[in-house]
Novice: 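Quick one: the structure is below, and I'll ask about it shortly.
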Amino acid sequence: MGGCPYANEKLIIYSYKNHIVMRKNIVAGNWKMNKTLQEGLALATELNEALKNKTINCDVIIAPPFIHLASVVNAIDTTTIGVSAQNCADKPEGAYTGEVSAKMVASTGAKYVIIGHSERRTYYHETPEILKEKVLLALANGLTPIFCIGEVLAEREAGRHFEVVKSQIEQSLFNLSKEEFGKLILAYEPVWAIGTGKTATAEQAQEMHAFIRKIITEKYGKDIAENLSILYGGSCNASNAKELFANPDVDGGLIGGASLSVDKFMPIIEAF
Ligand code: PEP
């Protein structure tokens with residue numbers, strides 16, 4: 001996506017086996033339950049225009065509500081902007097009124113799906129087992145899951161944040177094969193930073209991202225871990241994006257509020 005094919009990838013050379021490892025920098029916008037269809041189309045096309053003929057150093061993804069997906073896919077250049085759903089069902093199809101399957105998401109032309117966002121875990125009681133099913137269905141339908149993990153404030157204050165994040169990953173993802181795991185994007189989103197204006201410091205983000213990469217190295221090996229994009233999410237905006245993205249293990253951001261206008265989203269994309 002976007003400009004030079006290698007401009008959006010971090011080049012990391014590590015000594016063992018002398019492999020060149022490339023992982024993508026990504027800025028993804030989670031629109032949540034905002035924008036009517038008309039407003040959403042206007043935002044997507046404005047972003048598309050803003051990115052046209054620009055060299056950008058990251059992949060750009062937007063996650064509009066389900067009902068906007070097909071229209072947004074048709075309105076933009078999807079080689080420049082990837083389109084993501086914000087959720088999918090934990091069942092393949094059938095009598096599940098109101099649900100939207102991974103297969104339906106894929107049929108719109110969307111290529112990604114956010115799974116395990118803390119708002120889904122908290123307000124809709126999505127358990128690690130439910131999320132595990134969603135990830136499997138997303139992968140089976142050719143979608144790239146953007147899997148969210150992160151601790152609540154009480155867990156951080158109790159010094160349990162590493163343990164909580166490790167367990168979220170283990171419970172929903174460690175059933176995957178190496179090949180399947182290699183298709184994921186992870187997003188570390190400390191719940192206390194989402195929509196609160198309170199951002200994790202660059203040090204806190206780097207520390208957790210390095211920890212995540214370490215546990216993935218232990219389970220799946222260095223190749224998979226070094227190629228995995230781990231995004232930071234939680235009150236990321238134009239003024240803190242550069243400092244957050246400068247960290248070696250922070251490969252971009254999952255952006256909520258600041259993705260709802262091109263004026264606020266573009267500077268985050270340009271932080272790379
Ligand atoms: C999010 O919901 O994924 C998020 C990071 O929100 P915000 O940027 O508004 O904190």
Side-chain angles (χ1 to χ4, degrees), residues 25-35 39-40 43 47 58-66 68-69 81-88 110 112-126 131 134-135 138 143-153 155-156 161 164-165 168-169 172 184-202 204-206 208-209 212 229-245 247 249-272:
N25 292 323
I26 301 167
V27 173
N30 174 15
W31 293 4
K32 310 193 186 189
M33 196 174 74
N34 292 295
K35 307 285 180 193
E39 290 164 350
L43 172 57
L47 181 65
C58 63
D59 281 3
V60 177
I61 299 170
I62 54 175
F66 282 133
H68 303 15
L69 289 176
I81 306 174
V83 178
S84 175
Q86 299 172 18
N87 181 28
C88 68
Y112 303 84
V113 55
I114 297 171
I115 296 177
H117 192 282
S118 65
E119 288 153 16
R120 300 292 320 169
R121 292 180 192 256
T122 306
Y123 306 144
Y124 301 96
H125 313 293
E126 294 191 359
L131 300 176
K134 292 187 179 205
V135 169
L143 296 171
T144 298
I146 303 173
F147 191 81
C148 303
I149 56 223
E151 79 286 355
V152 299
L153 187 59
E155 290 163 338
R156 177 160 282 264
H161 42 297
V164 167
V165 166
Q168 289 172 339
I169 293 172
S172 300
L184 304 180
I185 296 168
L186 294 191
Y188 168 59
E189 301 206 301
V191 181
W192 47 270
I194 297 179
T196 58
K198 230 190 244 178
T199 319
T201 63
Q204 285 171 323
Q206 169 56 26
M208 181 58 85
H209 284 225
I212 293 168
S229 296
I230 309 176
L231 315 184
Y232 167 80
S235 299
C236 184
N237 57 43
S239 48
N240 57 31
K242 223 177 197 142
E243 196 187 349
L244 286 161
F245 299 169
N247 289 286
D249 287 294
V250 178
D251 308 309
L254 180 53
I255 319 297
S259 71
L260 294 173
S261 79
V262 173
D263 285 355
K264 291 187 176 148
F265 197 45
M266 264 317 266
I268 303 177
I269 295 167
E270 287 168 339
F272 273 115

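As the structure lists them, so they are numbered: ligands from 1, and atoms in each ligand from 1. The first residue in the sequence is number 1, and the count goes up from there.
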Novice: Checking side-chain contact (heavy atoms from CB on, under 4.5 Å) between P145 and each of L131, V135, L186, I185, which is the one that passes?
Specialist: V135

Novice: Please output the residues near ligand 1 using a strict heavy-atom distance under 4.0 Å, listed in chain and residue-number order.
Specialist: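 Residues N30, K32, H117, E189, A193, I194, G195, G233, G234, S235, L254, I255, G256, G257 each place a heavy atom under 4.0 Å from ligand 1, listed by chain and number.
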
Novice: Can a donor-acceptor pair be found, under 3.5 Å and without considering hydrogens, that links the side chain of Y112 to the backbone of I114?
Specialist: no

Novice: Which pairs of donor and acceptor atoms, one on a side chain in residues 262-272, lie under 3.5 Å apart (sequence neighbours left out)?
Specialist:
unit_1: E270; atom_1: OE2; unit_2: K54; atom_2: NZ; d: 3.0

Novice: Got V250 and Y188 here, is their nearest side-chain heavy-atom distance under 4.5 Å?
Specialist: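 No, their side chains stay 4.5 Å or more apart.
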
Novice: N30 side chain to K32 main-chain N or O, any donor-acceptor pair under 3.5 Å?
Specialist: yes

Novice: Heavy atoms only: give me the nearest I194-E119 pair and the separation to one decimal.
Specialist: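 Scanning both residues completely, I find the closest heavy atoms to be CG2-OE2, 3.7 Å.
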
